[in-house]
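Some notes on the structure that comes next.
Both backbone and side-chain heavy atoms feed into the values below; hydrogens, waters and symmetry mates do not. Predicted, not measured: the structure shown is a model, and the values here were computed from it.
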Amino acid sequence: MTPYPLWPCRSVRSDTVFTVTNEFKTAMKESGRIIEAQLTVGDTVFTTDDIVSLTVTGNAAFPGTAMRSINVSLKNAEALTIAVGNNRVFDSVKVGVQLPDGTVECVDYGKFYIATDDNSTKYNEDTQAYTFTAYDGLIKAMVAMTVQVPDEEKTETPTTVQALLNAVVERFGWTAQNFPSLTAYPVLESAYSGATYRDFLDDIAEVLCGIIRLDGSTLVFSRLNKTDENISLEEMSALSTGELVAINTVVLQGEDQNYSITNETLPLSSGMKTVELTIENNPILQYAIAKNANKQALTDNYTVGILSAGSYAYNAVNLETFGVPWMDFGDVCTAEGKDGSAKTVWVLNYTVTVDGGLKESIQLDAPTSQQPEYSYTEPSAAGIKSEINKLASGLQLKVSKGDVVSEINQSPDTISLSASRIEILSDDFTLQNGKINAKAGEIAGFTINDTALTKTFTIGDIDYTVAISSQSGSSTLRLSLIHISEPTRP
């Protein structure tokens, strides 16, 4: 650990791909390459000597938002475990390679906020290193939006998506880059009651057919970017690919009707599988479709964004390389197959790992408007952690303090609760301290009232009622079997 930077980052950032020199790419392909990594926290710099391992993970939905996280094991980092505020931020995370002249050129992945929950910082006795988990600035957007909801008797006047976006950018101290005007898109602000700011950004990305990510304090919009990059067999340690898939139709779902966009002129080769991309649960699109508005703009967005030559086709892929860390969200490259054919790769989900060397993996199952799994943790001074995890199966809410954890898991058909004590409080029913109290209702066929549990049943032609009751002020239960009817005798 050193109090000053050891080497500058010579790379620069374009709209999508990291721009590096040819010397950097050549050095990355050398068998004897020297990989360097560097993390800074204020004036403190952690170098390769301090880093046991570093993994940078990128996850993006298309169309949708993209976010990076890091998991790093650091020596000499005890001070970070008790630091607060700005001292809990990695101001830069760099991965680079030594060039022939001895200088280092790197890719700077930007700023990451160290998670403050109890499980994000762990100490390993064997390596004498602390492990930290940190997220880029988009983590701040994973809190509930503050929206204006009108009174029930009032008709809500729509605002514009541009006005809402301006408010979000101002709230977090960001600037917006490469966004077209969104003034023409109206939306009801109340539609985002209970949603997060990231949900809103996901919806904008779906409207524009692209990816929204955060670079430092700049919120950047970009679309798929076809590059000249080709990953050769010599640069890969593993490759598995699926069939070539073409998206030739996009279906935008409204509340009562849908709007389909198709490009019939796209070239479809023999054996190419065609699929539809469906965008759903988007209040901006739902309002536009209901009002029959902005359809030409939406058609233009999706024609440029995906229904065009060079963007519409991809291979599902699982690719492991020795490192092409200059590739980033939305970049489209090719990978050389064992049969010599070129596989089309969209870079949406990737990991870059430094642990003495460097290796990278890129995964793509299929483009989807569904958000990738992510989580948000809200710390408190009392050591209580509130955590929301948005999973592919649904939503998870955890609240914990030390080893004491309560948890709610919700899927479309199930809600499950887990806690050391569960309470349900309502006007006519309570579950508290292991006791069920009910003013009225029914449990397992027993009717509940203020004084008894009763159930009526029939044996043969005779009706009976069984009752469990107690007198007021008595702790003794009485079990009664009441013969309430009998068949008519001949």
To the nearest 0.5 Å, tell me how far [X] [atom1] sits from [Y] [atom2].
X    : Y    : atom1 : atom2 : result
W346 : M327 : CH2   : CE    : 13.5 Å
R33  : F322 : CZ    : CZ    : 8.0 Å
D300 : L307 : CG    : CG    : 11.5 Å

Could you tell me how the ring of [X] sits relative to the ring of [Y]: parallel (under 30°), tilted (30 to 60°) or perpendicular (over 60°)?
X    : Y    : value
Y192 : F200 : perpendicular
W326 : F24  : perpendicular
Y123 : Y130 : tilted
F221 : F179 : tilted

Go through the side-chain N and O atoms of [X] and [Y] and say whether any donor and acceptor fall under 3.5 Å apart.
X    : Y    : value
Q162 : N166 : yes
S232 : E235 : yes
T48  : E36  : yes
S361 : Q363 : yes
T353 : D355 : no
T334 : N230 : yes
D199 : T196 : yes

Review point. So which of D136, T57, N59, D328 actually passes side-chain hydrogen bond (donor to acceptor under 3.5 Å, both in side chains) with R68?
Key: D328
Exercise for review: Assess the pair F132 and F112: is the distance between their ring centroids shorter than 6.0 Å?
Suggested key: no
